[in-house]
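Structure first, commentary second.
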Amino acid sequence: MASLRSRQAGGGDDSFDALSAIAQAVLGTGSHQTADLLDLLELPIKERVDVVRAGDDLLPRLAHQRVLRPALSRAARALRPGGLLLAPVPELDRLRGLRPAGPPPRVSGRGEDRTVTVQLWDWSADGSSYGLDIVQLVRGPAGWQVARSVSTSHRVLTEAEVCGALTDAGFGGVQRLSPPETGHPLPVYVAVATGL
C-alpha cells in the first residue's frame, strides 16, 4: 500500500527523524510499519500498523472541520495493540488574547536557492480558531515569486482538549512531550493503542 512506510533506525527522510526517534524509543529499534493519519482518512485500512503519524497542523484542522474524534478513532482501529499515534500539535491557546498575525518567516537554503515560507493568521473574534495562509516564495528572474500557497482553517486546541480527544478515541497512556524532549519544533502527543 502506498501509504505505508517502513522506517529503519537512522532512516533517510528528515521529516520523520524526531517522530521516528520517539517510535523507536517506545517500540524498540528496527522497522516499524507507519501510516500517515491523512492517508488513513482517504484510503481503506488494509492492515494494522505500528505507528500512525499526524502532520504538524492536522489535528487543529480536523478539529475545525469537526471530524477530529472520528479521525482519531480510525487511527486507533488502524494500529496494532500497543501501537503509537504521534501527533505534533501547535499550542496557540496562550496566544488567543494577543492574536498575532503569524510567526516570523522561515528561510531555508542559501543564495539563489533560498526559499521563504510565510504564515498569515486571521483570528476569529473569540480567538477560538484562525484562518491560515501559507505562502512559499522563491527567487525568480525578476525577484521573489510565489511558488505555492495554501489556505486552511484551524481550531485552537488546548493540551486538555488534545488529551481528552485521544482518550475518548480509545487511546491510553497519552503523553505530551515538549520540544526539548523530542527535538521536534512542536509539542508531540504520544498515545498508545489499547486494541479495544
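Summarising the geometry of Gly28 relative to His32, their closest heavy-atom pair is O-NE2, 2.6 Å, with the distance given to 0.1 Å. Scanning both residues, Val89 and Pro60, for their nearest heavy atoms gives CG1-CG, 4.2 Å. In plain terms, the two heavy atoms of Arg114 and Trp144 that are nearest each other are O-CZ3, 3.8 Å. Heavy-atom minimum distance, Pro88 versus Ala54: CD-O, 3.2 Å. The two residues Arg176 and Glu181 have their closest heavy-atom pair at O-OE1, 4.2 Å. The minimum heavy-atom distance between Arg48 and Leu79, with the atom names listed, is NH1-O, 3.5 Å.
Residues Asp168 and Leu72 are not in side-chain contact: their nearest non-hydrogen atoms beyond the backbone lie 4.5 Å or more apart. Using a 4.5 Å heavy-atom threshold, the side chains of Val156 and Ser128 count as separate. A heavy-atom distance below 4.5 Å is not found between the side chains of Asp122 and Tyr130.
With rounding to the nearest 0.5 angstrom, the CG atom of Leu92 is 9.0 Å from the CG atom of Leu157. Annotation: the span from Glu42 atom CD to Asp36 atom CG amounts to 10.0 Å, rounded to 0.5 Å. A distance of 4.0 Å separates CG of Leu84 from CG of Leu27, quoted to the nearest 0.5 Å. Atom CG of Asp56 sits about 4.0 Å away from atom NE2 of His184, to the nearest 0.5 Å. With rounding to the nearest 0.5 angstrom, the CG atom of Leu86 is 8.0 Å from the OG1 atom of Thr34. Here the straight-line distance linking atom CZ of Arg77 with atom CD1 of Ile45 works out to 5.5 Å at 0.5 Å rounding.
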Does Val146 form a side-chain contact (heavy atoms from CB on, under 4.5 Å) with Leu137? I'd like the steps, not just the answer.
CA-CA 5 Å; Val146 174; Leu137 304 170; 3.7 Å; yes
Given the rule in the side-chain contact (heavy atoms from CB on, under 4.5 Å) test, do Leu68 and Glu161 qualify, once you have shown the distances and angles that lead to the verdict?
CA-CA 11 Å; Leu68 180 58; Glu161 288 172 319; over 6 Å; no
Test side-chain contact (heavy atoms from CB on, under 4.5 Å) applied to Thr158 and Arg96, step by step:
CA-CA 11 Å; Thr158 65; Arg96 61 173 93 201; 4.0 Å; yes
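Cluster annotation: Val118 and Leu132 are assigned to distinct hydrophobic clusters (Ile/Leu/Val/Met/Phe/Trp/Tyr, side-chain heavy-atom contacts under 4.5 Å, transitive). By the rule that hydrophobic residues join a cluster once side-chain heavy atoms approach within less than 4.5 Å of another member, Leu186 and Tyr189 end up as members of separate clusters. Both Ile134 and Leu95 belong to a common hydrophobic cluster when Ile, Leu, Val, Met, Phe, Trp and Tyr are linked at side-chain heavy-atom distances under 4.5 angstrom. Hydrophobic clustering keeps Leu62 apart from Val150 (ILVMFWY residues linked when any side-chain heavy atoms are closer than 4.5 Å, directly or through intermediates). When hydrophobic clusters are built by joining Ile, Leu, Val, Met, Phe, Trp and Tyr residues whose side-chain heavy atoms come closer than 4.5 Å, directly or via intermediates, Val26 is grouped together with Leu177.
By the 6.0 Å contact criterion, CZ on Arg99 is enclosed, its count of non-hydrogen atoms from other residues, nucleotides or ligands being greater than 12.
Within the 3.5 Å criterion, the main-chain N or O of Gln33 finds a donor-acceptor partner in the side chain of Asp50. Although no hydrogens or angles enter the test, the distance criterion places a donor-acceptor pair under 3.5 Å between the side chain of Ser124 and the main chain of Ser129. When atom types are taken as modelled, the side chain of Arg74 and the backbone of Leu40 share a donor-acceptor pair closer than 3.5 angstrom.
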